[in-house]
Amino acid sequence: MNVREIVRLQGHLVDSLILAKVLDTILEAGATYRILDFDVGVTATDESRLRLEVTAADSDLLDRLLTELQVHGVNREEQADAELRAADADGVLPEGFYSTTNLATWVRIDGRWIPVATPEMDCAVVVENAPQGSVPGGLRARTLPMHQVRTGDRVVVGWRGLRVEWPERSPEAEGFGFMSSEVSSEKPKGVIVARVADALRRARTLRETDATRGENSAAVGKVLAVCGPAVVHTGAAPALARLVRDGWVNVLFAGNGFATHDIESAVLGTSLGVPLDGGVSGEHGHANHLRVINEVRRFGSIHAAVDAGWLTSGVLYECVVRGIPVVLGGSVRDDGPLPDVLTDTLVALDAMRREIPGVGLALMLASTLHAIATGNLLPAGVETFCVDINQAVATKLTDRGSHQAVGIVTDVGLFVSDLADLLCGPVDHDSGPERSHRT
Amino acid sequence: VKARVPTGSLAWGRRFLLCAPEYFTVSYEINPHMHTALRPDRDRAHSQFTGLVDALRAAGAQLAFLPAEKGLPDLVFTANAGLVDGQRFIPARFRHPERQGETPHDVAWFHTEGFRVTPLGTEEPWEGAGDVLPVGLTGDPHTRPVLVAGYRTRSAIGAHNALGELLGVPVRSVELVDSRYYHLDLVLCPLDDRRALIAPQGLDRYGIRVLSQVVPEPIWLSDDEAAAFCANSVVVGDTVVMPACTSRLDRVLHEAGFSVLVSPVGEFLKAGGGCRCLTLALDVDLSPARRVSSLR
């Protein structure tokens, strides 16, 4: 993460070598600077005035550096606290509310910089009392989507007293630099799959080292998979199920389509009626998915269908068995839908929001709407891989401000199978769990 | 009648304010030299103070005395009371609460003596003449006097900006990087238009360069000389009243035309102060520095 702060300095800077000292101190700390304004005093008794933008790798380094620079007279330009205004109606933000980015954000209250929890774009920032003694200053801040605001919530208005951090690719992720900034269809897929596998391994290491820190530490390095129905159509569901079973996926977002076809392929061996083992479409096959939805509705939930022994394989089966949180969001063109689908979009988004904290890596697999909805919720800096045969999806995601997204234009079926082979080991395709989708 | 000041000699340093050590002790620790377990000997402190008074008078200085106050042991270190500029007195803003009680007494004395008392106009700490010394303020009208100011341990650099604006003089801020040399007057002692004693031990490379620019012929102190507070000396014309001196430094000063008077102040060193700390120059007039208006 790159953090910036504009600072001011005044005095007999040139002759006292304070300017040289300040600039050297910045560079020696590993930070950089840009001189914005420099007004050199004309006579010996005139003071000089300098405005400087200081950029550091992270907030801690910047704070330490600015504390050190303060000794030499360097002060933050923004000394004002953020302005707070109480919301006067439920679901309505006060006029002039600060609209968030997906960047890590700090808000200044009573001279203290408070981190804003759960960074998310296009939200408001609310400041509230923290539990007694939990944080210095007794206040905490978090993002709040418009519909969640309640009368009396203290909302940040204007732009004063706010600071954001820019994400910077981790050195490990530098390998993706060659794919330019956005989308790649030209690069050797094997190399790309290997790099994504490395990213997943890093996330797992992070999770496991974090787990040793005790129960109270927040989860980190969670892997989120956002899946479109093409994952099933292209035959990638068994490979994804393997990834879930072996613990490579920790959260799953999808819609009615993916869930339905995953269950259809697990139970009937077809996807939209087409047999996945290469056979020809059966009579009335196009209604298979409706029959599957209907059965699950009879059970009452996917979990109940698993408990009853009706659903015995597939991605959702593995999720249920392993206790992986799944959020299924609905839309107006859904058939059924499955009883687990959250048909109120605000409820669905809030359910997704609850699973976001701790996500360190997101795999967007052949999903357009859910990928973009998820991209809107993710804080900047979450490593995101967007795999789609359609270049437009990856482009759309990066265009929407999810700067951290790397687009991989390829067939999701091949990609997920290769990824599962790399992470779970190759499987004998004639035996073992891979057969389970063939009824 | 003002004594004629030889060209090249300091234009200040003939009148000083002192405060007798009636209530001097070490009852708190606000610098690395102070140890409450190592209290000064009262009688010895008195005789050392009398020795300093005699030495300054022998050098030709006129002395005034600030009444001692019970409960203000460091009032003896008048250098930190503030800064005199002509008929104006700018009181210090002590960093430590232990010394903040001194200021009303300092202000009262200067008020009674007819000085105009001007506050610095900042919240920042600033410890008076202990942290600012005029360099190049001599009888020579061609020198360009500047105010050298120390910061970090006691004074804040923000106060230097306020000082420069209030006085209208160029201020050269130097960082005091070693907490043993917590005031500027422990590392710098202007001698005349070209020379000064400088203890580089308390400065960083920037500070050393700044002082090299404003002092054409610096006399650098050795580690031992710096630690013995040789820079904390009082210059009265061509006499240097020093808390200690080495034979090397004595020779160097003699060659430069100065005579040395060593006035031991060991009991005051226990509180972190030497000869200069025990005096405040009452005859500093920064008008020549204000006249400087050359392009940088």
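Side chains are part of it too, since the values below use all heavy atoms of this structure and drop only hydrogens, waters and symmetry mates. Every chain is numbered from 1, with letters handed out A, B, ... down the list of sequences.
Minimum interatomic distance between A/S16 and B/S173 (heavy atoms only, all atoms of both residues): OG-N, 2.7 Å. Between B/H160 and A/E47 the shortest heavy-atom distance is O-OE2, 4.2 Å. Pairing each heavy atom of A/H12 with each of B/P170, the nearest pair is NE2-CA, 3.7 Å.
Distance CG/B/D204 to CG/A/L17: 9.0 Å, rounded to 0.5 Å. To the nearest 0.5 Å, atom OH of residue B/Y206 and atom OG1 of residue A/T25 are 5.5 Å apart.
No more than 12 heavy atoms of other residues, nucleotides or ligands lie within 6.0 Å of CD in A/E95, so this atom counts as exposed by the packing criterion. Open room surrounds CE on A/M146; 12 or fewer heavy atoms of other groups in view lie less than 6.0 Å from it. Within 6.0 Å of atom CZ in A/R34, 12 or fewer heavy atoms from other residues, nucleotides or ligands are found, so the atom counts as exposed in its surroundings.
Using a 4.5 Å heavy-atom cutoff, the side chains of B/R205 and A/D24 are in contact.
The most heavy-atom pairs under 4.5 Å with chain A, out of B/V210, B/N161, B/I157, come from B/N161.
Contact annotation for B/Q213: only side-chain heavy atoms (C-beta onward) come within less than 4.5 Å of a heavy atom of chain A. In this structure, chain A has no heavy atom under 4.5 Å from any part of B/V174.
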